[in-house]
Amino acid sequence: MVVAAVVLAGCGGISSDSPVRPGLEVGAAAADPVKILFPGPASGSSAQQIVQGFLRAGAASDEEYEVARSFLSLSSGTTWRPDSSIMVFTDDSAVSVKAVSENTVKAVAKVSASIDANGRYRDLPAGTTVEATFGLQKVAGEWRISSVPEGFGLWLSASDVDRLYQPFRIHYVSTFDRSLVPDVRWFFVGKGLATRLARAQLGSPPAYLRGAVRSDVPVGTRLTVDAVPVDNGVATVDLTATKPGGDPVRRQNLWAQFVATLSQVPQVDRVALKVEGSDLDLPGVEKAPASLADLGFPQTPAAPAAQPLLRTSNGDVFTVDPARIGEDRDAGPARRRATPSSIAPGWVWLAASKDGKDTAAVGGDRAELSRWREGRQIRVGRFATQLTRPSYDRQDFLWVGGQSDGSSGLWVVNTRVDPEDTARARPTQVAAPWLRGRSILAVRLSPDGQRAAVVSADAAGAKPRIDVAGVVRSANGTPESLAEPVALAPSLTLVRDLVWIDETRVALLGRMASTSPVRVWISQIGGRTTAAEASDVPAAQSITTVNGERGLVVTTDSGQVLLRAGSSWLDVAKGTDFAVPAT
């Protein structure tokens, strides 16, 4: 491997042999990073060495893959599509290349993830292997690859993926309210990043968000020229094919999608939209807005004012100041009694609404749901058994999973209506056919309420699955169904609970192997699952957060409340429940 950079000789100080030169201006784009290149085929290489060189050369720091193509014959070089797929392996030892005949070579790799042609990253179960068989022929006396397997793209190590690719968010418009919902994709970070992101934004929403979001980019729209130039911080997107309609709100939404997506490019400060060379005009909007606020788009809602609830072993309920957790493990200045001030021990798994005025818990037999509002207990009629821990969303719907008539289901309760209005306050089921035959263990809603994360197990209580799906709502906001899900963290063999820590990531309480201890894992929707930088918590039963990944809180089966403190856990309180209001 050849590093295309100037090699600096060892020295013991600052050189005085050359004049001082000005550096970059503040805010200027950084210079191109060191590029990594690979040698082409050496004379006399065996068929096996040619395949090995071809696989390695795919990790070069450019998108032309000229060196990799030099290992191919002329015919195969025109049919190979490196961007068709990427298989991710852990290190070079995970790849083996062997000749199976004089002109046939097979490569086998143990892989941990894949990235498809649309940039969607998918974790793969532990132990997954892939193989590819290459045909070779001699060209001018030297071996060259004459046939590449259909759909073969690149095989890259995890470190190469980190060097060459980064996750970015493609944005879609919520069908329920005027907000944007992100979908994470992985793209090459070299030149042309703005073009790659714009092309991705032109596509349709992914299946797991279908019905929950839409794109206000008209179907069939393309770039007039396959490039998005960036000049003095302004990215210009020139669209063709289908012109945007006359609805100003949809035009603003279209612009907002591109602004939110292209603003991730370091060199982009503003986004200008054109239609077949003519400026896209909107009353009151600059030609090149810099933010969603410039488009009159609603800003991210403020965090809820309500404080977390701590319930002690005798049922007393206190509010807790998140900034003072751990100052006093006994009732004192860090706590004040909440309403309701007590919940009988027979009710478990406390949950709190975003304003803190509505509280819910499940009966000890897991067959009854109850709410407390303004000091009054409101019993929800029996509708299912094996109820899960309840969870509020930001739209004031209370979610719970359970079993009814032998099948799993998800139910919601509208806590915005009068509890005495039994017709409107009764639980209604959310359609999710993909949960058939599964046992629901946990359900949590994303901070924007547009996606649900569901943990389920098979009929025997094994083979856990973590699914994320868009929430399809009626005009009044009532959840009606979940889209077809996308799976997370397939290598986990046990999952006890989960919580959203931001718009695209969840923290999971579980383990990989049956012999491993329980710990916290961080999984990105459309990205990787990695162990959190925190010690094991074998006795942990539930997880929540007061401040993203840094503020994770777990409760244990012995009644401890543990707050993450760097790589360890701080025992901050004694309690059976710690409930953070919906965000």
Original post:
Backbone N or O of R451 within a donor-acceptor pair of the S446 side chain at under 3.5 Å?
Top reply: yes

Original post:
How many angstroms lie between atom NZ of K463 and atom CG of L492, to the nearest 0.5 angstrom?
Top reply: 15.5 Å

**OP:** Tell me, please, whether F187 has R196 positioned over its six-membered ring: NZ or CZ under 6.0 Å from the ring centre and within 45 degrees of its axis?
**Re:** no

**OP:** Taking Q257 for its side chain and H171 for its backbone only, find out whether a donor-acceptor pair lies under 3.5 Å.
**Re:** yes

Original post:
Going by an N to O cut-off under 4.0 Å, is there a salt bridge joining R473 and E480?
Top reply: no

Original post:
Is a side-chain N or O of Q377 found less than 3.5 angstrom from the main chain of S370, in a donor-acceptor match?
Top reply: no

Original post:
Going through the distances and angles, do S157 and D160 end up as a side-chain hydrogen bond (donor to acceptor under 3.5 Å, both in side chains)?
Top reply: CA-CA 5 Å; S157 69; D160 284 330; 3.1 Å; yes

Subject >> L310 side chain near D577 side chain, heavy-atom distance below 4.5 Å >> reply: no

Original post:
Is the backbone N or O of P538 less than 3.5 Å from a side-chain atom of D536, with the two atoms forming a donor-acceptor pair by type?
Top reply: no

Subject >> Heavy-atom closest contact (P390 atom, A351 atom, distance) >> reply: O-CB, 3.4 Å

**OP:** Measure across I466 and A489 and return the closest heavy-atom pair with its distance rounded to 0.1 Å.
**Re:** CD1-O, 3.9 Å

Original post:
Side chains of V111 and V88: closer than 4.5 Å at any heavy-atom pair?
Top reply: no

Original post:
Does the side chain of P485 reach to within under 4.5 Å of the side chain of Y208, using non-hydrogen atoms?
Top reply: no

Original post:
Roughly how far, to the nearest 0.5 Å, is the CD atom of E503 from the CG atom of L180?
Top reply: 9.0 Å

Original post:
After noting the C-alpha distance and the side-chain angles of I501 and V506, does the key distance pass the side chain to side chain contact (heavy atoms under 4.5 Å, CB included) rule?
Top reply: CA-CA 5 Å; I501 55 177; V506 297; 6.0 Å; no

**OP:** Take D316 and R337 through the salt bridge (charged side-chain N to carboxylate O under 4.0 Å, His left out) test and state the conclusion after the steps.
**Re:** CA-CA 8 Å; D316 289 339; R337 194 174 295 275; 3.6 Å; yes

Subject >> Expected output: side-chain R394 to main-chain G449 donor-acceptor under 3.5 Å >> reply: no

Subject >> Minimum side-chain heavy-atom gap Q386-S439 below 4.5 Å >> reply: no

Original post:
Under 3.5 Å, is there a donor-acceptor pair linking the side chains of T261 and Q201?
Top reply: yes

Original post:
Is it the case that R416 and Q395 place a side-chain donor and acceptor less than 3.5 Å from each other?
Top reply: no

Subject >> Pair D393 + R444: basic N to acidic O under 4.0 Å >> reply: no

Original post:
Just by distance, with hydrogens left out, do R426 and N414 show a side-chain donor and acceptor under 3.5 Å apart?
Top reply: no

Subject >> Partner of L509 under side chain to side chain contact (heavy atoms under 4.5 Å, CB included), chosen from L552, V495, V520 >> reply: V520

**OP:** Check the pair R120 / D183 against salt bridge (charged side-chain N to carboxylate O under 4.0 Å, His left out), numbers first and verdict last.
**Re:** CA-CA 9 Å; R120 293 192 172 92; D183 175 45; 3.6 Å; yes

Subject >> Rounded distance (nearest 0.5 Å) linking atom CZ of R311 with atom CH2 of W347 >> reply: 11.0 Å

Original post:
Using the benzene-type ring in the case of Trp, are the ring centres of Y121 and W186 under 6.0 Å apart?
Top reply: yes

Original post:
Any idea which heavy atoms bring A107 and W155 closest together, and the distance?
Top reply: O-CH2, 3.4 Å

**OP:** Rounded to the nearest 0.5 Å, what's the gap from CZ on F397 to OG on S391? Could you check?
**Re:** 13.5 Å

**OP:** Would you please test R169 and T504 for side chain to side chain contact (heavy atoms under 4.5 Å, CB included) and show each step?
**Re:** CA-CA 9 Å; R169 298 178 179 190; T504 64; 3.6 Å; yes

**OP:** Test side chain to side chain contact (heavy atoms under 4.5 Å, CB included) on R178 and N253 and set out the steps.
**Re:** CA-CA 8 Å; R178 196 151 178 253; N253 291 345; 3.1 Å; yes

Original post:
Between K357 and E374, is there a salt bridge with N-O shorter than 4.0 Å?
Top reply: no

Subject >> R366 side-chain N/O to T388 backbone N/O, donor-acceptor pair under 3.5 Å >> reply: no

Original post:
Does some side-chain heavy atom of Q450 sit less than 4.5 Å from a side-chain heavy atom of S179?
Top reply: yes

Original post:
Does some side-chain heavy atom of F383 sit less than 4.5 Å from a side-chain heavy atom of L369?
Top reply: yes

Subject >> Verdict with reasoning, W372 to I343, per side chain to side chain contact (heavy atoms under 4.5 Å, CB included) >> reply: CA-CA 9 Å; W372 286 262; I343 295 177; 3.7 Å; yes

Subject >> Exercise: do T415 and D358 side chains pair donor with acceptor under 3.5 Å >> reply: no

Original post:
Can you check side-chain hydrogen bond (donor to acceptor under 3.5 Å, both in side chains) on S542 and T555, steps first, answer last?
Top reply: CA-CA 5 Å; S542 69; T555 55; 2.3 Å; yes

Original post:
Nearest 0.5 Å, what's the CH2-CG distance between W500 and L445?
Top reply: 8.5 Å

**OP:** Answer yes or no: is there a side-chain heavy-atom contact under 4.5 Å between L154 and M87?
**Re:** no

**OP:** Examine distances only and state if a side-chain atom of N547 and a backbone atom of R550 form a donor-acceptor pair shorter than 3.5 Å.
**Re:** no

Original post:
Below 4.5 Å, heavy atoms only, C-beta onward: do T545 and V553 meet side chain to side chain?
Top reply: no

**OP:** Answer yes or no: does atom CZ of R122 have more than 12 heavy-atom neighbours from other residues, nucleotides or ligands under 6.0 Å?
**Re:** no

**OP:** Supply the atom-to-atom distance W411 CH2 to T428 OG1, rounded to the nearest 0.5 angstrom.
**Re:** 10.5 Å

Subject >> Distance flag, aromatic centroids of Y392 and W399, threshold under 6.0 Å >> reply: no

Original post:
Is there a donor-acceptor contact under 3.5 Å from the side chain of R519 to the main chain of A534?
Top reply: yes

Original post:
Which pair of non-hydrogen atoms, one from S313 and one from T576, has the smallest distance, and what is that distance?
Top reply: CA-CG2, 3.9 Å

Original post:
When you measure from the side chain of R185 to the backbone N and O of N118, does any donor-acceptor pair fall under 3.5 Å?
Top reply: yes

Subject >> Minimal non-hydrogen separation, P308 against V546, with atom names >> reply: CG-CG1, 4.1 Å

Subject >> Closest heavy-atom pair and its distance - D571, L562 >> reply: CA-CD2, 3.6 Å

Subject >> S174 versus D177, side-chain donor and acceptor atoms under 3.5 Å >> reply: yes

**OP:** Please report the C-alpha distance between E420 and R376 in whole Å, then the side-chain angles of each, then the deciding distance to 0.1 Å, and finally whether the salt bridge (charged side-chain N to carboxylate O under 4.0 Å, His left out) criterion is met.
**Re:** CA-CA 12 Å; E420 302 299 331; R376 180 168 62 100; 3.1 Å; yes

**OP:** Look only at the side chain of T493 and the backbone of M512, and say whether a donor-acceptor pair between them is shorter than 3.5 Å.
**Re:** yes

